[in-house]
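Letters go in sequence order (proteins before strands), and every chain restarts at 1. Hydrogens, waters and symmetry mates are skipped; everything else that's a heavy atom, side chains included, is used.
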Amino acid sequence: GAKDVEKVRKNNVSYKNANQMPRDSEVKELKLYVDQKYETVILPIYGIPVPFHISTVKNISQSVEGDYTYLRINFFHPGATMGKSDGSYQQPEATFVKELTYRSTNIKEPGEISPPSSNLNTAFRLIKEVQRKFKTREAEEREKED
Amino acid sequence: MKMDFLEYSDILSEIKGCMTPGKLKMTDQNIVFKNSKTGKVEQIQANELEDVFFQNFAGSLGLRVFLKNGTLYRFAGFKESEKEKLAKYFSSTYKITALEKELSLKGWNWGTAKFNGSALSFNVGEKSAFEIPLNYVSQCTSGKNEITIEFHQNDDAPVSLMEMRFFIPSNEL
């Protein structure tokens, strides 16, 4: 029925074509980049800047251990969220990227303005921000529908 | 006009998550990449080539070179205007038609994981979202509905991927 349809997560798409991908230096340098316009996190995976729509991100955490900063990104996948049945996934039979962890050094090289780990700090802050905006908007849209 | 060789002085080779600068030379015998930082030379014999694709790498034209033994090489930093010349060279010298490999930009974290030689490709629909050369993997463990992959760290990379976890549905295990 109508209720079942509503439960299915909307499949948000990050980019329709390569022209929409940002050309910022972070993307080219294979750093993390948060595209606020398209509500997408771009994560470097072996030479490829890979977009993940903010709706796929469940939560993130950051930690500093010794000379390194770590950023862990957890994604939504079936069988994880309490109270959310697997029916809310359009392809519950698929393989899901569940978690990605990045590491970056806190030590500045001579001549560097900020340490490499500042990229992870910025990403952490912006992912939270885009996630908050996205959730607020989603909640507003749900209210309108009701 | 027949091209005997092609030479590029500022090419990037993807090595453990780092786009490493170097020189690339292609002859009818082999493809040679010389790492500018370390001086290390990688040599691919022409008769080892399985297929070659044009692929976008972080905003520049790249080549995805796959060998018969399953090894994957990725070179980037070519200019879009050089594509035709490269394609011609591959077809005339190696008898390989270099096709376009488009990447998935959907932003989805679900798809299928496929092994192709020594590379793991994560595909969303018909397109791959990313590829992992398996020689970058330091450890792989499996738990309930889960596979954890840990990677060798590259201190030259500004950010380094440490770990990746996949959720595998029960029917796949």
Side-chain angles (χ1 to χ4, degrees), chain A residues 11-18 20-21 23 27-32 38-57 70-72 74-80 86 89-105 116-117 119-120 123, chain B residues 12-19 55-60 62 64 72 74-76 102-114 119 122-124 128-133 136 144-148 150-151 153-155 157-172:
Chain A
N11 282 341
N12 295 287
V13 168
S14 289
Y15 303 107
K16 290 197 176 75
N17 57 60
Q20 290 180 331
M21 276 279 279
R23 285 160 209 283
V27 179
K28 289 183 184 163
E29 289 161 14
L30 297 175
K31 294 177 184 170
L32 280 69
Y38 288 92
E39 298 176 311
T40 291
V41 187
I42 298 176
L43 303 173
I45 303 178
Y46 296 115
I48 302 174
V50 185
F52 289 93
H53 193 271
I54 197 72
S55 60
T56 65
V57 177
Y70 297 83
L71 179 66
R72 172 176 292 184
N74 290 297
F75 297 92
F76 283 107
H77 60 85
D86 287 357
Y89 291 88
Q90 284 204 355
Q91 288 175 19
E93 307 304 310
T95 295
F96 284 70
V97 176
K98 183 178 181 179
E99 191 183 294
L100 289 173
T101 307
Y102 286 91
R103 185 183 91 166
S104 193
T105 177
S117 60
N119 175 247
L120 296 186
Chain B
L12 301 162
S13 173
E14 190 278 316
I15 300 171
K16 282 202 281 174
C18 228
M19 300 311 283
Q55 186 185 312
N56 200 313
F57 279 98
S60 81
R64 179 192 181 279
L72 177 66
R74 284 99 64 90
F75 302 109
E102 271 188 71
L103 297 167
S104 166
L105 303 174
K106 281 194 154 76
W108 298 353
N109 68 320
W110 61 92
T112 47
K114 287 217 163 75
F122 187 75
N123 301 339
V124 176
S128 81
F130 57 84
E131 281 184 291
I132 297 169
Y136 298 167
K144 190 178 177 283
N145 291 120
E146 179 182 282
I147 302 276
T148 304
E150 287 167 65
F151 301 101
Q153 294 306 292
N154 185 346
D155 289 330
V159 291
S160 180
L161 182 60
M162 288 216 70
E163 199 182 282
M164 183 182 279
R165 252 171 234 229
F166 287 105
F167 172 84
I168 321 278
S170 301
N171 62 328
E172 291 266 327

Heavy-atom proximity to chain A below 4.5 Å, by part of [X]:
{"X": "N154(B)", "answer": "neither"}
{"X": "E131(B)", "answer": "backbone"}
{"X": "S60(B)", "answer": "neither"}
{"X": "I15(B)", "answer": "neither"}

Contact part of [X] toward chain B, heavy-atom cut-off under 4.5 Å: side chain, backbone, both or neither?
{"X": "Q20(A)", "answer": "neither"}
{"X": "N17(A)", "answer": "backbone"}
{"X": "L30(A)", "answer": "both"}
{"X": "Y70(A)", "answer": "side chain"}

Calculate, to the nearest 0.5 Å, the distance between atoms CG and CE belonging to N56(B) and M21(A) respectively. 7.5 Å
Atom CZ of F122(B) and atom CD1 of I48(A): how far apart are they, to the nearest 0.5 Å? 13.0 Å
How close do [X] and [Y] get, counting heavy atoms only, and between which atoms?
{"X": "A94(A)", "Y": "P169(B)", "answer": "O-CD, 3.2 Å"}
{"X": "F76(A)", "Y": "N109(B)", "answer": "O-ND2, 2.8 Å"}
{"X": "F130(B)", "Y": "F52(A)", "answer": "CE2-CZ, 4.4 Å"}
{"X": "G107(B)", "Y": "S14(A)", "answer": "CA-OG, 3.4 Å"}

Look at the aromatic rings of Y136(B) and Y46(A) and report parallel, tilted or perpendicular, splitting at 30° and 60°. tilted
Is E102(B) atom CD crowded by more than 12 heavy atoms from other residues, nucleotides or ligands, each under 6.0 Å away? no
Give the member of S117(A), P116(A), P51(A) that has the highest number of heavy-atom pairs under 4.5 Å with chain B. P51(A)
